[in-house]
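A quick note: this is a predicted structure, and the numbers were derived from the prediction, not measured. Residue numbers start from 1 in every chain, and the chains themselves are labelled A, B, ... in the order their sequence lines are given, proteins ahead of strands.
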There are 2 protein chains.
Amino acid sequence: MTTLSDIIEKYILNTIQESNKGEILLKRTDLSGKFSCVPSQINYVINTRFTIERGYIVESKRGEGGYLKIVRIPVTETKIYLNKIQEETKSTITAEGARGFLNRLEEENIISKREKNMIWQLLKDESLPNDKDNKGYYRLKMLKNLIAYLIKEEEKK
Amino acid sequence: MTTLSDIIEKYILNTIQESNKGEILLKRTDLSGKFSCVPSQINYVINTRFTIERGYIVESKRGEGGYLKIVRIPVTETKIYLNKIQEETKSTITAEGARGFLNRLEEENIISKREKNMIWQLLKDESLPNDKDNKGYYRLKMLKNLIAYLIKEEEKK
DNA sequence: TTAGATATGGTCAAATATAGTCAGAGAAGG
DNA sequence: CCTTCTCTGACTATATTTGACCATATCTAA
């Protein structure tokens, strides 16, 4: 069974393909108009199909001149490695876990010592919400976005 | 996808560039005339784009002979600049404010483009708690810890 | 000297244009 | 059935544009 979400997904994939830049700009309402659905369905497609795990980064802007920007992260060896690390983490990560992870990235020469230190300033307990559970959750979210970026950068080499 | 505000911003940036002094004098009504908009839109552009986080100071004078003066902050002493920013930030900072600030750090060669991008991954809205008020609070906390680190590093030189 | 006229710029809230979230209804597959 | 995925719409968040009203500096005429 092909759902509307599948069709929208294919359309977006196709558009990215044709762009030859691995990146596109869309207007949410244009898309929902084209497929005669509510705008929030576009969010649904993006949230379920164009995730970091699948290799996409999505940015957006609201208001006049608003847009959706979908960027494809290309695949390489490094990406596979980083993905593996990413998979190892569960749904939350402790300060110690994050620190260990950053150390590992440094050991693998994926980031420098200085970069590690800078990132640590943002991930350490003192920087985050004073909320035991959510702390680990957001720390992981931040880390995942960082990894997605690193994957994209590695690909440029 | 480009708004009038973006166009006005580019025009001002360009004018500053051409002046070779990192500083310009404008008449608000001249600008609003040039771009066929209400005068207050110029204030909007200035308030959202030429902020202290992005490295600008704006002065003005009303009445006959009134003007807008936009000054690009020249930074010679990195530490002084960092301290100033740290003092000036209030109790919260928006994603845009943080981005502008990071761009500024990059322009001043305090951090690299890569470092900026990495840090951005942790500070952007998508990485933080979905909580309108606290988002800005924690973003600022993270940034301040980063600045503290950078100041310490600068001192080592 | 000073009050009023004139010339600017500033503030703020409403109107408009987008996009995001979330919970619940509906559909498809086991 | 039961679960999971999809679809929808009401409500929310944010960026831009506009205009009515406010504040201040300078000039001018009494």
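Salt bridge status for B/D125 with B/R139: present, with a side-chain N to carboxylate O gap under 4.0 Å. Looking at B/R99 and B/E53, no side-chain N of the basic residue comes within less than 4.0 Å of a carboxylate O on the acidic one, giving no salt bridge.
Along DNA chain D, the nucleotide nearest B/V38 and the nucleotide nearest B/D125 are compared for position; the residue whose nucleotide lies closer to the 5' end is B/D125.
Note: CG (B/L128) to P (D/dT14) measures 13 Å, nearest angstrom. Put simply, CG on B/N43 is 14 Å from C1' on D/dC21, counting in whole angstrom units. Residue A/R28 contributes atom CZ, which lies 10 Å from atom P of C/dT21 at whole-angstrom precision. Look at CD1 on B/I42: it is 17 Å from C1' on C/dC12, rounded to the nearest Å. Following rounding to the nearest Å, B/I46 (CD1) and C/dT8 (C1') show an atom-to-atom distance of 14 Å. Between A/M1 atom CE and C/dG30 atom C1' the separation is 17 Å, expressed in whole Å. Rounded to whole Å, the distance from CZ on B/F35 to C1' on D/dT17 is 15 Å. Between the CG atom of B/L4 and the C1' atom of D/dA15 there is a distance of 13 Å, given to the nearest Å.
Note on B/S60: every side-chain N or O is 4.0 Å or more away from OP1 and OP2 of C/dT8. Phosphate proximity of D/dT24 to B/K61: absent, as no side-chain N or O sits under 4.0 Å from OP1 or OP2. Taking 4.0 angstrom as the limit, B/R49 places none of its side-chain polar atoms (N or O) nearer than this to OP1 or OP2 of D/dA15. In terms of phosphate contacts, B/T29 brings a side-chain nitrogen or oxygen within less than 4.0 Å of OP1 or OP2 of C/dG9.
Distance from the side chain of B/K27 is smallest to C/dT8 among C/dT8, D/dT16, C/dA19. Across D/dT16, D/dG9, D/dT24, the shortest atom-to-atom separation from the side chain of B/T3 is found for D/dT16. Checking C/dG9, D/dC27, D/dT8 against the side-chain heavy atoms of A/S40 singles out D/dT8 as nearest.
Heavy atoms of B/G66 sit under 4.0 angstrom from primed sugar atoms or phosphate atoms, though from no base atom. Among the atoms of the strands shown, only primed sugar atoms or phosphate atoms (P, OP1, OP2) are found under 4.0 Å from some heavy atom of B/S5. Nucleic acid contact class of B/Y44 (heavy atoms, under 4.0 Å, all strands): base.
No close placement of the A/Y138 and B/Y138 rings is indicated, their centers lying 6.0 Å or farther apart.
Within a 6.0 Å radius of CD in B/E107, other residues, nucleotides and ligands contribute more than 12 heavy atoms.
Residues A/M118 and B/E115 form a side-chain contact, since some pair of their non-hydrogen atoms from C-beta on lies under 4.5 Å apart.
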